[in-house]
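Sequence positions, counted from 1, serve as the residue numbers for this chain.
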Amino acid sequence: MEQCDLIISNALIIDGSGAEGEAGSVAIKGGKIAAVGDVEGWVGDQTIDAAGLVLAPGFIDVHTHDDMAALKTPDMTFKVSQGVTTVVAGNCGISVAPFTTEGNFPPPFPLLGSESEFRFPTVDAYRKALQKSQPAVNLALLAGHSSLRVIAMKDGLDRGANEAEIAHMRELLGAALKDGCVGFSTGLGYPPAMEAPEAEITALASVLREHPSAVYATHMRDEGDHVIEAVEETLRTGRDAGVPVVISHHKCAGRSNYGRSGETLKLIDEARTGQAAGLDVYPYTASSTVLLPEFVRESDDVLITFSEPHPEHNGRRLEEVMAEWDCDLEEVAERLYPAGAIYFQMDEEDLKRILAYPPSMVGSDGLPGQARPHPRLWGTFPRVLGRYVRQMKLLSLAKAIHKMTGLSAKTFGLKDRGLVREGYVADLVLFDPETIEDAATFEDSEQPAHGISRVLVGGAVAWQNGAATGARNGSFVTH
Ligand SMILES: [Zn+2]
């Protein structure tokens, strides 16, 4: 008999590959999965009887803005409580590293934290800070294009970068990848990057070619009226640069664009015959980001998530504040800024189509640290498994889990994660498929989900019986 730390027995193992579940047990030793299926030769220091529960790889949240939160709130309860064991941070062009503000701190950077908190000129400096803070989840980082622009373009961002600036940014990106970043992100729909032409992005993305497994993830230039052109640009950038692309939080925003996911997914599908192209999606029809008038115009309704100068309006409808102040949209946005908002601007049918599309991955786009965050921060993964799998039967449990684990690890090059396999890291989640569901709502968003029995990060139990255990076993994940 061989000794191990923990045996989880009698589970329905859904291994993350997309294959249907099989009854079995798992032995865990030294933070790794030592055996799967039949564990008769093993004796565990501890045993968990998982009868009636599903054992899956820990969920990988491929779209997060957790860079700063992993340092400030290392318990990461909003992630661990929903079964997430690894986050990909640095999305939408804004990474905390490499970054130096020197007084230039445009939107959407305030989404991550206040200016004084940004203090990581290199990814190596950030990695050291992360090792000190010891978060409860693993973190992989993308280097943000807007962060690079702020460093390299001191005299303003309202133009394309010149040759010298592109060379500088290529150097910074190369160093970030060497320091362990898993890819590059852009936020082309935001002020710091809006004026960056496609050629600038292609020149930067092509740096990834020297780093196998590195990906280019993009919050596209447009997710509304010009979403088709934006998808085309993204795919072309990937082809021209010769690198894999991921379309972030894919949506068709604004009433006039409802239904267009049929066209966007067709474009992605055609492209996939000749290039690596993926996408992520969150299971809500409202988005959330900084408060800017152009986003309000595309929305049916808007909620304020935070306002630095006017915290008394956190959680309120923007329209009410506008009426009280008797002012127009430009003025209310300016007076509330720095501020964040939730925008109701999507169609449930598009969301279902994108979520059911086999190549899509699940990513929360959750925004920690806000006074009244969008419920996706706490509810994304259980909401997919409860609402869209169990209730609506939009897709099978095994296929949904694949979009949260195996597919995600493969896309972002996270080796030894995302599958229940011998030798893989013991990042695991144990949940009840009959009761799993999100509890966070737009009115009350900081609520842990139901149905998550246990969450293990690197073999250590981080969540059990509805509470964090205090174990913080996450690490900085590289290729
Ligand atoms: Zn984004």
Is there side-chain contact between Pro448 and Trp463, with at least one heavy-atom pair below 4.5 Å? yes

Can you find a heavy atom in the side chain of Phe99 that is under 4.5 Å from one in the side chain of Ile94? no

Closest contact, heavy atoms only, Gly187 versus Ala193: O-CB, 3.5 Å

Shortest non-hydrogen pair, Thr289 vs Tyr190, comes out as OG1-OH, 2.5 Å

Between Ser408 and Val62, is there a donor-acceptor pair closer than 3.5 Å when you use the side chain of the first and the backbone of the second? no

Could you check Leu385 against Met404 for side chain to side chain contact (heavy atoms under 4.5 Å, CB included), going step by step and ending with a plain yes or no? CA-CA 10 Å; Leu385 301 177; Met404 307 173 169; 3.7 Å; yes

Side chains of Asp365 and His65, donor plus acceptor under 3.5 Å: yes

With side chains defined as the heavy atoms from C-beta onward, is the minimum distance between Phe412 and Met361 less than 4.5 Å? yes

Is there a side chain to side chain contact (heavy atoms under 4.5 Å, CB included) between Glu233 and Leu188 once you walk through the steps? CA-CA 11 Å; Glu233 177 186 356; Leu188 302 175; 4.1 Å; yes

With rounding to the nearest 0.5 Å, note down the distance linking CD1 in Ile28 to CD in Gln46. 10.5 Å

Quick one: does any side-chain atom of Asp67 pair with a main-chain N or O of Val96 as donor and acceptor, under 3.5 Å? yes

Closest non-hydrogen atoms of Gly52 and Asp432, given as atom of the first, atom of the second and distance, are O-OD1, 4.2 Å

Pairwise side-chain contact, His168 with Met153, heavy-atom cut-off 4.5 Å (strictly under): no

Look at the rings of Phe431 and Phe59 and say which category their plane angle falls in: under 30° parallel, 30 to 60° tilted, over 60° perpendicular. tilted

Could you report the tightest heavy-atom contact between Pro309 and Leu336, atom names first, then the distance? CD-O, 3.2 Å

Would you say NZ of Lys154 has more than 12 non-hydrogen atoms from neighbouring residues, nucleotides or ligands within 6.0 angstrom? yes

Could you tell me whether the side chain of His249 and the main chain of Val281 form a donor-acceptor pair under 3.5 Å? no

Student check: side-chain heavy atoms of Val182 and Val477 closer than 4.5 Å: no

Roughly how far, to the nearest 0.5 Å, is the CE atom of Met220 from the NZ atom of Lys251? 8.5 Å

Answer yes or no: are there more than 12 heavy-atom neighbours, outside Glu115 itself, under 6.0 Å from its atom CD? yes

Is there a donor-acceptor pair closer than 3.5 Å between any side-chain N or O of Asp280 and the backbone N or O of Gly363? no

Do any N or O atoms from the side chain of Ser133 and from the backbone of Ala70 form a donor-acceptor pair under 3.5 angstrom? yes

Smallest heavy-atom separation, Glu422 atom then Ala34 atom, equals CG-O, 3.1 Å

Any side-chain heavy atom of Ser364 sitting closer than 4.5 Å to one from Leu377? no

Hey, can you tell me if His145 and Phe184 have their rings parallel, tilted or perpendicular (30° and 60° cut-offs)? perpendicular

Looking at Ser17 and Ala19, would you say the former's side chain and the latter's main chain have a donor-acceptor pair under 3.5 Å? yes

Using the side chain to side chain contact (heavy atoms under 4.5 Å, CB included) rule, take Asp61 and Thr380 through it: C-alpha gap first, then chi angles, then the decisive distance, then the call. CA-CA 9 Å; Asp61 189 346; Thr380 290; 5.9 Å; no

Considering residues, nucleotides and ligands other than Glu117, do more than 12 of their heavy atoms fall under 6.0 Å from its CD? yes

Between Arg149 and Leu157, the two heavy atoms sitting closest are NH1-O, 2.9 Å

Report the distance from atom CG of Asp45 to atom CD of Gln3, rounding to the nearest 0.5 Å. 5.0 Å

Is there a donor-acceptor contact under 3.5 Å linking the side chains of Ser206 and Arg170? yes

Output for pair (Gln464 CD, Ile452 CD1), nearest 0.5 Å, gives 13.5 Å

For the pair Lys79 and Asp66, find out whether any cationic side-chain nitrogen is under 4.0 Å from an anionic carboxylate oxygen. yes

Any side-chain heavy-atom pair from Val389 and Leu395 closer than 4.5 angstrom? yes

Donor-acceptor contact present, side-chain Gln82 to main-chain Phe381, <3.5 Å: yes

Thr86 side-chain N/O to Leu139 backbone N/O, donor-acceptor pair under 3.5 Å: no

With a 4.5 Å heavy-atom cut-off, do Leu303 and Arg372 have their side chains touching? no

Take Gln275 and Arg239 through the test side-chain hydrogen bond (donor to acceptor under 3.5 Å, both in side chains) and record every step on the way to the result. CA-CA 7 Å; Gln275 72 182 105; Arg239 278 197 304 274; 2.9 Å; yes

Test side chain to side chain contact (heavy atoms under 4.5 Å, CB included), reference Trp378, set Gln447, Glu446, Arg383, output is Glu446

Is there a donor-acceptor pair closer than 3.5 Å between any side-chain N or O of Lys403 and the backbone N or O of Ser360? yes

If only side-chain N and O atoms count, and only distance matters, is there a donor-acceptor pair under 3.5 Å linking Ser95 with Tyr126? no

Output for pair (Arg421 CZ, Asp416 CG), nearest 0.5 Å, gives 12.0 Å

Between Asn138 and Gly474, is there a donor-acceptor pair closer than 3.5 Å when you use the side chain of the first and the backbone of the second? no

Can you find a side-chain donor-acceptor pair between Arg376 and Tyr282 that sits under 3.5 Å? yes

Kindly determine whether Thr234 and Tyr216 satisfy side-chain hydrogen bond (donor to acceptor under 3.5 Å, both in side chains), including the steps that lead there. CA-CA 9 Å; Thr234 299; Tyr216 166 47; 5.7 Å; no

Please report the interatomic distance CD(Glu195) to CZ(Arg159), rounded to the nearest 0.5 Å. 11.0 Å

Test side chain to side chain contact (heavy atoms under 4.5 Å, CB included) applied to Val88 and Leu142, step by step: CA-CA 7 Å; Val88 178; Leu142 301 168; 3.9 Å; yes

